[in-house]
Amino acid sequence: MSTQKTPVPLDPSLYSIEGDALEFMKASTGIQDAEELKKHILAVQEEAYAIFPYPCIRRFSFIRRALGRLPAYKQLLTLGKERKGAILLDIGCCVGNDIRKAVYDGYPVENIVASDLHPEYWDLGHKLFNTTPETFPVPFVPGDAFDPAHLAPVPPFYSPPDTPRPDLKTLTSLNPLRGHVSVIHTSAFFHLFVEEEQFKLAQAVAGLLSPEPGSLILGLHVGLPEKGFRPGKRERAHGGGPMFCHSPESWKELWDGQIFKKGTVKVEAFIHQIERQDLMNVPGAETTSYLLVWSITRL
């Protein structure tokens, strides 16, 4: 259970959407009027924040499509179009905005599966985008990534798995996907956990990835230029306590040599510094933040 203190109140003035992001939301929701779209998004935000007060919900990250801004996104779309049956898994999908962007950009919807601890977020995704399980038929598999019944860590595959590719619509856990997933996306997820848990999560995720060259894991989360604990008073959303952050160097060392055999993956990672506008009016808050942007490609 989280020991997080009273959450910071929502602030509608943080709402900002324009350009391609605005056009995507208009096209995806069917709401063309900008003011009506804003009211709709604010209503869904309030419901989502009540489920769990993640800072990314407060600052409207759920409409800003982290996946589409990642350098490896084009690589993801190419796999979806050129590799037959290439499964895309989004772990920690929240309302599903990122995979909806991938579908919008041409990734085959029948090859996508989503997972999150909170199934209520997936339901809110249908409300946000005005869809149903029939009109947006991506299978959703709820579960705790640290529950072996949902996702048990296994060593990475270096040859094709003996098991057949599962029917995504019949999944009740992620375990049948071991060795079958071509692309795994996970953003704003690893930083929720302490260093030891991040290692275990990396092991579990790696065991799902296909051994076929070009298979890809990508995402972003809070990091630091030097590995360590995030300065200031902000705590992890889950469990409280200081937030542990990897650096680009420690992230590369983790995946290339500890999780995967040395030299079997290409790890790209860099730090992007941002100023947290959502914290400007929060007393005592550290407004400078660093995002670790990364991808892992099998060689």
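Excluded from the calculations below are hydrogen atoms, water molecules and symmetry mates; all remaining heavy atoms, backbone and side chain alike, are included. Position 1 is the first residue of the sequence, and the numbers go up from there.
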Classify the ring geometry of Phe146 against Phe193: parallel below 30°, tilted from 30° to 60°, perpendicular beyond 60°.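 The rings of Phe146 and Phe193 stand perpendicular, inter-plane angle above 60°.
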Over 60° means perpendicular and under 30° means parallel, so tell me whether His118 and Tyr121 are parallel, tilted or perpendicular.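 Taking Tyr121 first and then His118, their aromatic rings stand perpendicular (interplane angle over 60°).
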Are there over 12 heavy-atom neighbours, none belonging to [X], within less than 6.0 Å of that residue's [atom1]?
X: Glu46; atom1: CD; answer: no
X: Asp167; atom1: CG; answer: yes
X: Asp147; atom1: CG; answer: yes
X: Lys26; atom1: NZ; answer: yes
X: Glu18; atom1: CD; answer: no
X: Lys200; atom1: NZ; answer: no

[X] side, atom [atom1]; [Y] side, atom [atom2] - distance, nearest 0.5 Å:
X: Glu82; Y: Leu77; atom1: CD; atom2: CG; result: 10.5 Å
X: Arg178; Y: Leu151; atom1: CZ; atom2: CG; result: 8.0 Å
X: Met25; Y: His40; atom1: CE; atom2: NE2; result: 6.5 Å
X: Thr186; Y: His221; atom1: OG1; atom2: NE2; result: 8.5 Å
X: Leu174; Y: Leu208; atom1: CG; atom2: CG; result: 6.0 Å
X: Asp98; Y: Lys101; atom1: CG; atom2: NZ; result: 10.5 Å

Show your reasoning for whether side chain to side chain contact (heavy atoms under 4.5 Å, CB included) applies to Glu120 and Phe52. CA-CA 10 Å; Glu120 303 95 328; Phe52 195 91; over 6 Å; no
Okay, side chain of [X], backbone of [Y]: is any donor-acceptor separation there less than 3.5 Å?
X: Thr135; Y: Thr131; result: no
X: Ser115; Y: Ile91; result: no
X: Thr78; Y: Lys74; result: yes
X: Arg298; Y: Thr264; result: no
X: His246; Y: Glu195; result: no
X: Asn175; Y: Ala152; result: yes
X: Ser215; Y: Ser210; result: yes
X: Asp90; Y: Val113; result: no
X: Tyr158; Y: Lys261; result: yes

Check whether any side-chain heavy atom of [X] sits under 4.5 Å from a side-chain heavy atom of [Y], and report yes or no.
X: Phe24; Y: Ile63; answer: no
X: Leu168; Y: Leu177; answer: yes
X: Cys245; Y: His191; answer: no
X: Phe140; Y: Cys93; answer: yes
X: Leu224; Y: Ile271; answer: no
X: Trp294; Y: Lys252; answer: no

Side chain to side chain contact (heavy atoms under 4.5 Å, CB included) between Leu128 and Asn97, worked out: CA-CA 9 Å; Leu128 175 63; Asn97 51 306; 5.6 Å; no
Decide side chain to side chain contact (heavy atoms under 4.5 Å, CB included) for Thr163 and His180; before the verdict, give the C-alpha distance in whole Å, the side-chain angles of both, and the deciding distance to 0.1 Å. CA-CA 9 Å; Thr163 57; His180 290 287; 3.0 Å; yes
Residue from Gln75, Glu268, Lys266 passing side-chain hydrogen bond (donor to acceptor under 3.5 Å, both in side chains) with Thr297: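 Checked Gln75, Glu268, Lys266 against Thr297; only one passes side-chain hydrogen bond (donor to acceptor under 3.5 Å, both in side chains): Gln75.
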Can the ring centres of Phe129 and Phe136 be said to be less than 6.0 Å apart?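 When the ring centroids of Phe129 and Phe136 are compared, they turn out to be at least 6.0 Å apart.
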[X] and [Y]: which non-hydrogen atoms are nearest, and at how many Å?
X: Ala269; Y: Trp251; answer: CB-CD1, 4.2 Å
X: Ala145; Y: Phe189; answer: CB-CZ, 4.1 Å
X: Leu88; Y: Ala102; answer: CD2-CB, 4.2 Å
X: Val293; Y: Leu220; answer: CA-CB, 4.2 Å
X: Ala114; Y: Trp122; answer: CB-CZ3, 3.6 Å
X: Ala202; Y: Leu254; answer: CB-CD2, 4.3 Å

Look at the side-chain heavy atoms of Ile, Leu, Val, Met, Phe, Trp and Tyr, link any pair under 4.5 Å apart, and say whether [X] and [Y] land in one connected group.
X: Phe157; Y: Leu79; answer: no
X: Leu22; Y: Leu42; answer: yes
X: Leu89; Y: Tyr104; answer: yes
X: Tyr15; Y: Val8; answer: yes
X: Val95; Y: Ile31; answer: yes

What residues form a side chain to side chain contact (heavy atoms under 4.5 Å, CB included) with Phe229, not counting sequence neighbours?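 If we apply the side chain to side chain contact (heavy atoms under 4.5 Å, CB included) test to Phe229, skipping adjacent residues, the hits are Pro242, Phe244.
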Residues in salt bridge (Lys or Arg N to Asp or Glu O under 4.0 Å) contact with Glu226, at least two apart in sequence or another chain: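 Per chain and number, Glu226 pairs via salt bridge (Lys or Arg N to Asp or Glu O under 4.0 Å) with no residue.
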On the ring face of Tyr290, is Arg230 found with NZ or CZ under 6.0 Å from the centre and within 45° of the axis?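 Here Arg230 fails the 6.0 Å and 45° test against Tyr290.
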Residues Asp144, His150; criterion side-chain hydrogen bond (donor to acceptor under 3.5 Å, both in side chains); working and verdict: CA-CA 6 Å; Asp144 184 341; His150 178 65; over 6 Å; no
Partner of Ser295 by side-chain contact (heavy atoms from CB on, under 4.5 Å), out of Val267, Leu70, Leu218, Leu76: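 Output: one option passes, namely Leu218.
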Would Leu201 and Glu197 count as a side chain to side chain contact (heavy atoms under 4.5 Å, CB included) here? Give the steps. CA-CA 6 Å; Leu201 181 60; Glu197 291 171 329; over 6 Å; no
